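Here is the structure we will look at, set down as structure tokens.
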Amino acid sequence: MFAFLRHRPRRFYTGWWFNAISSRASADVGKKRNKTTVLQAVRENWRIHALGHLGWARGAIGAALGIALAGIVTWYALHLYPGDHARMLPFLVAPLGASAVLVFCVPASPLAQPWAVIGGDLLSGGVGLLVGHLLGDPWLSAFVAVGLAIAVMALTRSLHPPGGASALLFALGATGEVPWDWTWLLPISANVLLLCGFGWLYNNLTGHSWPHRPPKVPHAAAPAYTREDIVAVLEDWNEVLDVDVDDLDAFVQALLRKGRAD
């Protein structure tokens with residue numbers, strides 16, 4: 001019955017499964033190579049974005065250390081303060097986490113400068129307490145406090161996004177079952193000052209001037225624009241950009257020099 005197989009080339013009846021196995025093996029090798037390439041690309045991408053002067057790891061480590069330092073020092077300070085009331089105060093306040101992100105991840109931002117952090121958080125907290133005690137209603141105090149805090153920060157040139165959270169937190173605290181008094185500003189004051197002190201040390205040690213100083217670049221002999229032109233364009237755009245005018249000026253000058261060099 002199977003005699004005809006003896007008269008055919010062996011590769012005729014074995015070739016189909018041999019080719020199938022070979023194709024499968026080649027596909028597996030290709031998949032492994034593609035997987036290796038993808039993993040290498042992921043590692044390289046992680047290395048570029050995580051490490052180095054602008055990597056997120058620098059900001060993450062700085063923020064973690066800053067929060068840890070602010071928390072432990074404030075905790076000890078509150079326990080050294082006479083009376084039991086101080087020990088009931090929080091050793092960390094929530095808006096500090098958002099402030100840490102700005103201070104350590106975008107230290108060149110106008111919103112992350114020392115006065116913005118200190119003034120924004122503390123002034124807003126004071127506004128929240130004041131509004132909460134004056135109005136008494138949590139809902140009413142919340143939105144009034146945030147709106148007034150933004151106005152105060154704008155007028156004092158201390159605009160800082162976590163300041164809105166600070167105003168909201170203290171407005172709600174002042175209208176709670178046990179209303180917060182002015183001693184509740186002690187923890188946030190200690191937190192913010194410690195965070196800024198560590199931020200100054202850490203940012204400067206890792207190559208980021210803080211407070212931020214725009215790079216000094218020589219202007220062209222006959223510049224095609226002036227600093228006032230930049231201000232006028234920003235006013236025409238009618239938008240708030242999270243970058244200083246001097247930084248924009250330095251960037252454009254560097255761009256013009258590079259264009260002439262090329």
Side-chain angles (χ1 to χ4, degrees), residues 34-75 90-122 124 150 153 157-169 187-188 190-217 234 239-255 258:
N34 291 336
K35 186 177 181 181
T36 302
T37 303
V38 170
L39 290 176
Q40 290 175 346
V42 170
R43 291 194 193 100
E44 183 66 16
N45 185 65
W46 181 89
R47 185 186 66 80
I48 293 174
H49 289 87
L51 306 179
H53 184 67
L54 299 176
W56 56 259
R58 188 202 70 87
I61 293 171
L65 294 177
I67 294 293
L69 176 67
I72 193 66
V73 174
T74 303
W75 185 85
F91 64 93
L92 282 173
V93 292
L96 194 71
S99 295
V101 173
L102 290 171
V103 169
F104 295 100
C105 295
V106 284
S109 169
L111 305 177
Q113 299 313 295
W115 169 240
V117 178
I118 296 172
D121 279 333
L122 300 189
S124 298
I150 293 174
M153 288 188 288
R157 300 180 65 83
S158 60
L159 192 63
H160 186 59
S166 181
L168 182 60
L169 173 67
I188 191 173
N191 285 173
V192 168
L193 292 174
L194 288 165
L195 185 76
C196 286
F198 181 74
W200 172 80
L201 180 66
Y202 184 84
N203 281 326
N204 282 283
L205 287 178
T206 54
H208 293 269
S209 62
W210 198 78
H212 175 66
R213 294 183 296 273
K216 295 181 179 180
V217 294
L234 292 175
E239 293 288 349
V240 177
L241 300 183
D242 186 16
V243 62
D244 190 76
V245 174
D246 292 328
D247 285 325
L248 284 175
D249 185 22
F251 175 80
V252 174
Q253 286 296 319
L255 188 64
K258 182 173 179 59

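Please read these numbers as outputs of a predicted model, since none were measured by experiment.
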I need the minimum non-hydrogen distance between [X] and [Y], along with the two atoms involved.
X: Ala116; Y: Leu111; value: CB-O, 3.7 Å
X: Asn191; Y: Ala70; value: ND2-O, 3.6 Å
X: Trp115; Y: Ser158; value: NE1-CB, 3.5 Å
X: Trp210; Y: Cys196; value: CZ3-O, 3.3 Å
X: His212; Y: Pro107; value: CB-O, 3.9 Å
X: Pro95; Y: Leu169; value: CD-CD2, 3.9 Å

message: Checking Leu65 now: which residues fulfil side chain to side chain contact (heavy atoms under 4.5 Å, CB included) with it, not counting sequence neighbours?
response: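 For Leu65, the residues satisfying side chain to side chain contact (heavy atoms under 4.5 Å, CB included) (neighbours in sequence not counted) are Ile61, Phe198.
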
Determine whether [X] and [Y] make a side-chain contact, defined as any pair of heavy atoms from C-beta on separated by less than 4.5 Å.
X: Leu96; Y: Ile188; result: no
X: Gln113; Y: Ile118; result: no
X: His160; Y: Leu102; result: yes
X: Val117; Y: Asp121; result: yes

Qualifying residues under side chain to side chain donor-acceptor pair (under 3.5 Å), relative to Asp246, sequence neighbours excluded: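 Partners of Asp246 under the side chain to side chain donor-acceptor pair (under 3.5 Å) test: Arg227.
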
task: State which residues pass side chain to side chain donor-acceptor pair (under 3.5 Å) with Ser166; sequence neighbours excluded, sorted by chain then number.
output: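 None.
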
Return yes if some donor-acceptor pair links the side-chain N/O of [X] with the main-chain N/O of [Y] below 3.5 Å, else return no.
X: Tyr202; Y: Ala63; value: no
X: Asp249; Y: Val245; value: no
X: Arg58; Y: Asn203; value: no

- prompt: Atom CZ of Arg213 and atom CG of Asp244: how far apart are they, to the nearest 0.5 Å?
  reply: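 Taking CZ in Arg213 and CG in Asp244, the distance rounds to 13.5 Å.
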
message: How long is the straight-line distance from OG1 of Thr74 back to CG of Leu195, given to the nearest 0.5 Å?
response: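 One finds 10.0 Å between CG of Leu195 and OG1 of Thr74.
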
